Every structure is written in C-alpha cells, then in structure tokens.
Amino acid sequence: MACGNLMKLSEDVEICIFIRLPVKSLMRFKSISKTLYVLIGSTTFANLHLIHATITKYELILLKRSTKEQSEEFKNVLSFISNISDDGFIPLQPDLNVPHLTNDYGSLFHHLIGPCHGLIAITDSAVTVLINPATRHYRQVPPCPFGCPKGYHRTVEGVGFGFVSILNDYKVVRLSDVFWDPPYGYAEGRDSKVDVYELSSDSWRELEPVEVPPIYYLSCSEMIYKEGVHWFASKEKVVILCFDIGTEIFRNMNIPDAFYSIRQSRYGLLVLNECLASICYNDPGCAIDPTQDFLHIWIMKEYGVSESWIKKYTIRSLNVESPLSFWKDQFLLVESKTGQLIYYDVNSDEWKELGLQGYRTSLRVIVYTESISSIHSGREHATQVQRF
C-alpha cells in the first residue's frame, strides 16, 4: 500500500475515533498538536461529530431559571443536566450566570432558542447571546442598528434563531411592530418590520415590508424546527406563524381544530418523535375544575400540512404553569405553578419533581446534543467570542 494511502487511512481512523469522544476530551486533544488542532477545529469534523451525537441520541438538558435577589433584581443562571434518577437530576457541570441580559422583571421573559447546529440563542428581545453549551463559548450578537422615525414607537414582538445548511450560516430574525405614537392619546396604526442578522457577515439587514400577523406571546414558543422559526400569532384565530430561515418567507399553519373548543386554554410548541408537536393546556391563571385539567398533545405527521395533526397523548395535569420540552421522547419537562422543574413520564404515567426551583414563569429548557461547532468571531471591532 502506498505511503499516501496509509496516511489517508490513518486520518480516517483518527476521525472515526474522535467523533465518538465528548467535547471536553476533544478540547484537550486540540492542544496536543497542530495537526489535531486543525483536524478537530475543521467544519467537516464538527459536522461529523454533530451527526454522530445526533444519531446516538445522547441528549442533554439546558435549563435557564431566575431567582429573586433583591426587590426588583434577579439572578439568571444556566443549569446543565446530564440525566435524571429517582433522587432528582444529575448535573453535567456547575451552574453558570447568564451574561449580558436584563436582570429585572424582564428576566421572566427570556427565551432559549435552538439547538441549531450545535448552538443555542438566549434572548431578552433587546439582546441576544449565542452559546455553545458544550465548549462554553458565547458571543453577544451586535445590536440591531434599525430604529424607527421620530413620532413612532417600535416594540420587538419575537426573536428567532436558526441555521441554514445550504449556506453553512446562522441567522437571527427579529419581528417588530411599529406604531405612530402621538403626543396625546393612544398609539395608532401598526406596521411590521423584520430584521435579519447573519453570523458570517456579522451584519443586520432589513427585509422588504411584509404583513405579519400580531405575535401571540406564549412562553413555550419561538421554536426552531426544520430550518423554520415558529411562533403563535393572532388572526381571526390563533395560528402558528412560521418563518423559513433560508428562504426568508412567512407562512401560517393551523393548530389542531380540537384546541379551539377548549376554553381558557394556552398553547405550546415542542418536538416529539421528530415531529412538530403542539400542546394545549389550561390557563394557569384561571380557576379550573380538577376533573377537567388535562394536557392535550398532538403531533403533525406531515410537516406543514394542517390536516395531518393527530392526537398523541391526553395527560392528567398536575399544577402546570407551562410546558417546556420533551426529553428522549419519554419525559415531558414542565414548570409547575410554584416555579419547580417537574416531569411526566409517558411510559410510567407518573409525575416527579427534579429538585430545581426558579421564580415562577422564569424557567426555560432546551434539549441538545454536544457539539464542537464554533461561533464566528466577527469583524475587528465587533463583539468577541468569550468563554464562561
């Protein structure tokens, strides 16, 4: 066998071995030699490692929660969970403080979005931070430079984050409502503005004006699925608003018809069995007959086809403030009305507590797999990649 073929074989064997290693080990190997630094730091290797982690379904949990420190000040932390047991959760690493975001009552409206090709976004609408939870690298997205004319008021109603595989690039999208704000009286009129940030160019741009229905805020939304960001929106009725992060086109999808007949309800978006899932549950602020307190979970068998919704589970609710995420297609992670992280096991039909507490309505969860994907460092005077 020729020397060149032997070298190629050796490199292939190395890759087959390294893609099976956890990110913490890979980070150490990068410092051993320049060859390994280049290999492990390459986009090709990062893609192979992520594919292997996704196939093996080694799923981890990232939890964001807030605790009240003073009268109007909150501490925002990220908790990393590797597994759960009868005694509670098993931490992957110590908690980390959330950088850059608000620490007042706005902390209750933070969102986690992702995972998108190894990265996760955390945002308070005004500020967005990209995080790789495995490498512990993060970077603040530069502020959007677009405001509104004098006499008008602009509010950010939704933020999305996604990865465009054909471009090998990450994007952040920001949906805003712009109103005429007269000196006296109420704001009038409504125009939609859509801004897109591209990580590769480290720049924002405005999209052409487009009519977007008003965002219907719910804590379990702003979800990425199949390169589409999803929110709930209000038209004549509540719909799912989808923004294709690649084509930058909006479209609407109906929620299951059965949801409209359930009074005093709220909705959530999840991923279950690799399908888009929608959940309907009773409004935690309303008095509910306990015998009628259920969670209804439906999955969309054919993505984008509203007629393909089918009922998956009807679960007796237990003190639910908001659904958060599904983990391993078996455990429904939920925030209780007291701010605790609890879960429902669809196999055993049991509710259990995990021993993690936050201020009520502050909990957010992302289920992710480890990735060595890097965060683009931006231009010379841009915000820089940092490490927790």
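Hydrogens, waters and symmetry mates play no part in the numbers below; they use all other heavy atoms, side chains included. Since we're looking at a predicted model, the values are computed, not measured.
- Residue Lys68 places its NZ atom among more than 12 non-hydrogen atoms of other residues, nucleotides or ligands, all under 6.0 Å distant.
- More than 12 heavy-atom neighbours from other residues, nucleotides or ligands sit within 6.0 angstrom of CD1 on Ile310.
- Rounding to the nearest 0.5 Å places CG of Asp244 at 7.5 Å from CZ of Arg251.
- Within the model, atoms CD1 of Ile61 and CD1 of Ile90 stand 10.5 Å from one another, a figure rounded to the nearest 0.5 Å.
- A 4.5 Å side-chain heavy-atom check between Met27 and Ile40 finds every atom pair outside the cut-off.
- Side chains of Pro133 and Phe80 form a contact here, defined as non-hydrogen atoms less than 4.5 Å apart.
- Environment of NZ in Lys328: crowded, with over 12 heavy atoms of neighbouring residues, nucleotides or ligands closer than 6.0 Å.
- Side-chain contact, His100 with Asp124: no donor N or O sits under 3.5 Å from an acceptor N or O.
- Residues Cys275 and Ile299 approach most closely at CB-CB, 4.2 Å, considering heavy atoms.
- The side chain to side chain donor-acceptor pair (under 3.5 Å) with Arg360 is formed by just one residue from the set Glu321, Glu335, Gln340; it is Glu321.
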Inset, instruction - Step by step, work out the side-chain hydrogen bond (donor to acceptor under 3.5 Å, both in side chains) result for His49 and Ser373. - result: CA-CA 9 Å; His49 184 268; Ser373 298; over 6 Å; no

Legend entry - Steps toward side chain to side chain contact (heavy atoms under 4.5 Å, CB included) verdict (Phe326, Val346): CA-CA 10 Å; Phe326 255 102; Val346 300; 4.1 Å; yes

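- Under the 3.5 Å distance criterion, with hydrogens and angles disregarded, no donor-acceptor pair is assigned to the side chains of Thr44 and Ser42.
- Summarising the geometry, atom CG belonging to Leu207 is positioned 11.5 Å from atom CZ belonging to Arg174; distances are rounded to the nearest 0.5 Å.
- One hydrophobic cluster, built from ILVMFWY side chains closer than 4.5 Å, cannot hold both Leu108 and Leu324; they sit in different ones.
- Two residues are said to be in side-chain contact when any heavy atoms from C-beta on lie closer than 4.5 Å; Arg65 and Ser79 meet this criterion.
- Between the side chain of Asp169 and the backbone N or O of Ser200 there is at least one donor-acceptor pair closer than 3.5 Å.
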Inset, instruction - Just do the side chain to side chain contact (heavy atoms under 4.5 Å, CB included) check on Leu356 and Ile81 with the steps written out, would you? - result: CA-CA 11 Å; Leu356 284 164; Ile81 301 171; 3.5 Å; yes

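- Linking ILVMFWY side-chain heavy atoms closer than 4.5 Å, directly or via other members, places Ile366 and Leu333 in two distinct hydrophobic clusters.
- The hydrophobic cluster containing Ile279 also contains Val320, counting ILVMFWY residues as joined when their side-chain heavy atoms lie under 4.5 angstrom apart, directly or transitively.
- Taking the six-membered ring wherever Trp is involved, the centroid distance between the rings of Tyr197 and Tyr170 does not fall below 6.0 Å.
- Below 30°, between 30° and 60°, or above 60°: for Tyr105 and Tyr359 the angle between ring planes is above 60°, a perpendicular geometry.
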Inset, instruction - Could you go through the side chain to side chain contact (heavy atoms under 4.5 Å, CB included) check for Val194 and Phe250 one step at a time? - result: CA-CA 11 Å; Val194 183; Phe250 287 94; 3.8 Å; yes

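- Minimum heavy-atom separation, Ala233 to Leu241: CB-CB, 3.9 Å.
- Contact annotation: the side chain of Leu199 approaches that of Arg139 to within less than 4.5 Å [non-hydrogen atoms, C-beta and beyond].
- Taking hydrophobic clusters as Ile, Leu, Val, Met, Phe, Trp and Tyr residues chained together by side-chain heavy-atom distances below 4.5 Å, Leu26 shares a cluster with Leu48.
- Between Gly160 and Ile113 the shortest heavy-atom distance is CA-CD1, 4.0 Å.
- Atoms CG and NZ, from Leu39 and Lys30 in turn, are 10.5 Å apart once rounded to the nearest 0.5 Å.
- For an aromatic pair to be called close, the ring centres must be under 6.0 Å apart, and Phe109 with Tyr217 satisfies this.
- Its side chain within the 4.5 Å cluster rule, Val271 clusters with Tyr216, Leu218, Met223, Tyr225, Phe232, Val238, Ile240, Met253, Ile255, Phe259, Tyr260, Tyr267, Leu269, Leu276, Trp298, Met300, Tyr303, Trp309 among the Ile, Leu, Val, Met, Phe, Trp and Tyr residues.
- Atoms CG and CD, on Leu101 and Gln140 in that order, are 8.5 Å from each other to the nearest 0.5 Å.
- Between His111 and Phe161, the distance separating the two ring centers is not shorter than 6.0 angstrom.
- Between Val77 and Lys75 the shortest side-chain heavy-atom distance falls below 4.5 Å.
- Within a 6.0 Å sphere centred on NZ of Lys64, other residues, nucleotides and ligands contribute more than 12 heavy atoms.
- Residues Cys148 and Phe179 form no side-chain contact, since every pair of their non-hydrogen atoms from C-beta on lies 4.5 Å or further apart.
- Both Ile122 and Leu62 are part of a single hydrophobic cluster, where members link through side-chain heavy atoms under 4.5 Å apart.
- Side-chain contact between Ile262 and Phe294 is absent, with no heavy-atom pair separated by less than 4.5 Å.
- Asp345 and Gln330 share a donor-acceptor pair across their side chains, judged by distance under 3.5 Å alone.
- The local environment of CZ in Arg263 is sparse, with at most 12 non-hydrogen atoms from other residues, nucleotides or ligands closer than 6.0 Å.
- Among Tyr343, Tyr344, Trp351, the single residue meeting the ring pair (Phe, Tyr, Trp, His ring centres under 6.0 Å) criterion with Phe331 is Tyr343.
- In summary, Lys235 and Glu211 do not engage in a salt bridge, as defined by a charged side-chain N under 4.0 Å from a carboxylate O.
- How far OG1 of Thr135 is from NZ of Lys24: 13.5 Å, rounded to the nearest 0.5 Å.
- For Lys171 against Gly246, the heavy-atom pair with the smallest separation is NZ-O, 3.8 Å.
- In terms of modelled atom types and a separation under 3.5 Å, the side chain of Thr102 and the main chain of Asp104 share no donor-acceptor contact.
- Residues Glu370 and Ala53 come closest through the heavy atom pair O-CB, 3.8 Å.
- Among all heavy-atom pairs drawn from Gly358 and Ser362, the shortest one is C-OG, 4.0 Å.
- Taking 4.5 Å as the limit, some side-chain heavy atom of Pro323 sits within range of a side-chain heavy atom of Tyr281.
- Under the 4.0 Å criterion applied to side-chain N and carboxylate O atoms, Glu222 and Arg364 are not assigned as salt-bridge partners.
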Inset, instruction - Begin from the C-alpha positions of Leu295 and Cys280 and carry the test side chain to side chain contact (heavy atoms under 4.5 Å, CB included) through to its verdict. - result: CA-CA 6 Å; Leu295 297 165; Cys280 179; over 6 Å; no

